[in-house]
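Structure first, commentary second.
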Amino acid sequence: MKNSRFQIGISSHLVAKLSVVSFAYLLHFTLGRLLSVAEYGLIGTIITLSNFYYLFLTNGIRQSISNAIAINSFNTKDIIVKGITLQIGFALLLSIVNVFLAPTLSTLLGNEDYAMYYSFISVLIPFTALYFAGTGVLNGLKLFVRESLVTILYPFLRLSAILFILNRPQSKPMGVINGFILGSFITSLITWILIIRSTRKLTLSDLDRPRIKTTKLLKNSFSFIASFGAITIVLNLDTLFLQYIKKDLTLTGLYTGVHTFSLVPYYLVSAFYLVILPYISEYYEKSDKYKIRELLKKTVSIVMLFVFPIVFLISISGGKLLSLFYNPDYFVAGNALAILCMGTFILSIYAIFTVALIGLKENKKAGVCSLVLVVADIIFQFFFTQQSGLIGLASGTFVSSLISCLLIYYFLVVKTGNFIGAKLIYSVLIHLLPFLFLSVLILRVISITNLITLFLVWAGILLPYYLITIKMNKI
């Protein structure tokens, strides 16, 4: 592995994901202040519905393009042309389907008047599809810094939704959709300008490579769609599930707040699986299982030491965080946030293992894990929600993610050998335990009455920990 390039990729993607998180929560912070809890619940269902369509766009052709480019066996320009053609085709199909489904969805989710808002998502889908496909090209070319730049630009431009709301307060949901459309359009345009400039420098040997079969690209896409589709369903099913059962936008609004913060680990961990995909594909082509094990071992170690502390702080500060970020009405959802955030973290590790398993051409086993994940999530959420409300809903995600993560880890160990040994577990625990203890102690002792103080306390805990961790060469 070219450590410097890998580390640049991880570092740039971490910066990008931290920026994504910052801009996303700035958006939600503003929406939470501008909208009532019920209005925020409506926005939550719109965003969740958009995410369901994105599962066909961000986790299919995108990774297939990256994978095909990374193995250096096919003509890169041919891969790009065929990949973008497939992506546009999927996007147009989804847009048409959404227009026809919008009235039915609005009825199922409790208000027929919302059909117009749901149908306008069809305008958003094609621009977002172009952006996602473009990041797949940049990822496959290992242009991680450029990929990270457009990744940062996308959520930043989505903040224009705030301006649309302020300009047209009588139609706040449409303002959010318009802001998202504008952000997607500009970002996709810039992404493809970067790609055109980058592909001008391709060598003659690359252009002499054979063309890839569209069926091969499509087959790989379906593997990623199935696996990451399952993850996207689990990440978003709970909000729609709650609205479908309860038909209570206030309750959905509370859970939208929980769901928003629970995505932090997934945002951060996605930096890792986006970077390891081209390397896994490359090492598999070279039959180098040792490098695959070392890559997975290093990735798991960094995720536990870098991401888990943030997840832990969010979990133990759940009620306080929600009440300060939105308003005191959200405090009651604090325990649900603690459970869901931990569940999403486990699901994020599952996503890393999924990328590795598909990179190792174990598509059927990845499909089995995806099926187990979705079925388990539906079953647990159905029973737990009826018994325990918001906490039950969060617990369903936690349990289903844990079961599926253990299953996919088993499949990886069978294929590559064990990469999480006792030495790694001991090394991580001995480093994390003092941090966990001090975090609980500090947050209990210090009186926190505003959001800035909470973030400053978090920074005061995290920065020394990260400096010590880096100095000890743990990250």
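A quick note: this is a predicted structure, and the numbers were derived from the prediction, not measured.
Contact check for Ser227 versus Phe353: no side-chain heavy atoms found under the 4.5 Å cut-off. Contact annotation: the side chain of Leu373 approaches that of Leu347 to within less than 4.5 Å [non-hydrogen atoms, C-beta and beyond]. Pro155 is not listed as a side-chain neighbour of Ser19, based on a closest heavy-atom distance of 4.5 Å or more. The shortest distance between side-chain heavy atoms of Arg62 and Tyr131 does not fall below 4.5 Å. Within the 4.5 Å cutoff, side-chain heavy atoms of Leu412 are placed close to those of Leu357. Side-chain atoms of Leu433 and Phe437, non-hydrogen and from C-beta on, never get closer than 4.5 Å to each other. At least one side-chain heavy atom of Leu313 sits less than 4.5 Å from a side-chain heavy atom of Phe435. The shortest side-chain heavy-atom distance between Leu182 and Phe164 falls under the 4.5 Å cut-off.
A donor-acceptor distance shorter than 3.5 angstrom exists from the side chain of Ser160 to the backbone of Gly179, with no hydrogens or angles considered. A donor-acceptor pair under 3.5 Å is formed between the side chain of Asn178 and the backbone N or O of Met174. The backbone N or O of Lys423 sits nowhere less than 3.5 Å from a side-chain atom of Ser427 that would complete a donor-acceptor pair. Side-chain atoms of Thr416 do not come within 3.5 Å of backbone N or O of Arg293 as any donor-acceptor pair.
In this structure, the ring of Phe419 has its center less than 6.0 angstrom from the ring center of Tyr409. Ring pair Tyr154/Phe23: centre-to-centre distance not below 6.0 Å.
Atom CG of Leu424 and atom NZ of Lys298 lie 11.5 Å apart (nearest 0.5 Å). Here the CG-CD1 distance, from Asp377 to Ile231, works out to 12.0 Å after rounding to the nearest 0.5 Å. The CG atom of Asn335 sits 12.5 Å away from atom CG of Leu340, with the distance rounded to the nearest 0.5 Å. The CG atom of Leu393 lies 4.0 Å from the OH atom of Tyr255; values are rounded to the nearest 0.5 Å. From Leu305, atom CG reaches atom OG1 of Thr469 across 6.0 Å, with rounding to the nearest 0.5 Å. Distance check: Ser262 OG to Tyr267 OH gives 9.0 Å after rounding to the nearest 0.5 Å.
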Can you list the steps and then say if Val399 with Phe384 is a side-chain contact (heavy atoms from CB on, under 4.5 Å)? CA-CA 11 Å; Val399 176; Phe384 289 178; 4.1 Å; yes
Yes or no on side-chain contact (heavy atoms from CB on, under 4.5 Å) for Leu451 and Leu321, after CA distance, side-chain angles and deciding distance? CA-CA 7 Å; Leu451 196 61; Leu321 173 62; 4.2 Å; yes
Would Tyr466 and Phe306 count as a ring pair (Phe, Tyr, Trp, His ring centres under 6.0 Å) here? Give the steps. CA-CA 8 Å; Tyr466 286 140; Phe306 180 84; 5.0 Å; yes
Trace of the side-chain contact (heavy atoms from CB on, under 4.5 Å) decision for Val303 with Phe345: CA-CA 10 Å; Val303 166; Phe345 177 70; 3.8 Å; yes
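Note on ring orientation: taking the six-membered ring where Trp is involved, the planes of His431 and Tyr465 are tilted (angle from 30° to 60°). Between Tyr330 and Tyr326, the ring planes are parallel. Angles under 30° get that label, and only those over 60° would be called perpendicular.
Summarising the local packing, CZ of Phe120 is surrounded by 12 or fewer heavy atoms from other residues, nucleotides or ligands at distances under 6.0 Å. Remark: Phe156 CZ is loosely packed, at most 12 non-hydrogen atoms of other residues, nucleotides or ligands lying under 6.0 Å away. Counting non-hydrogen atoms of neighbouring residues, nucleotides and ligands closer than 6.0 angstrom, the CZ atom of Phe455 exceeds 12 such neighbours. Atom CG of Leu441 has more than 12 heavy atoms from other residues, nucleotides or ligands within 6.0 Å.
Across Gly396 and Ser400, no two heavy atoms sit closer than the pair O-OG, 2.9 Å. For the pair Phe127 and Ser184, the tightest heavy-atom approach, listed with the atom from each and the gap, is CB-CB, 3.7 Å. Considering every non-hydrogen atom in both Ser95 and Ser122, the closest pair reads O-OG, 2.8 Å. Of all heavy-atom pairs between Ala16 and Ile152, the closest is CA-CG1, 3.6 Å. Ala129 and Ala91 get closest at one heavy-atom pair: CB-CB, 3.6 Å.
Under the 3.5 Å distance criterion, with hydrogens and angles disregarded, no donor-acceptor pair is assigned to the side chains of Asn67 and Gln63.
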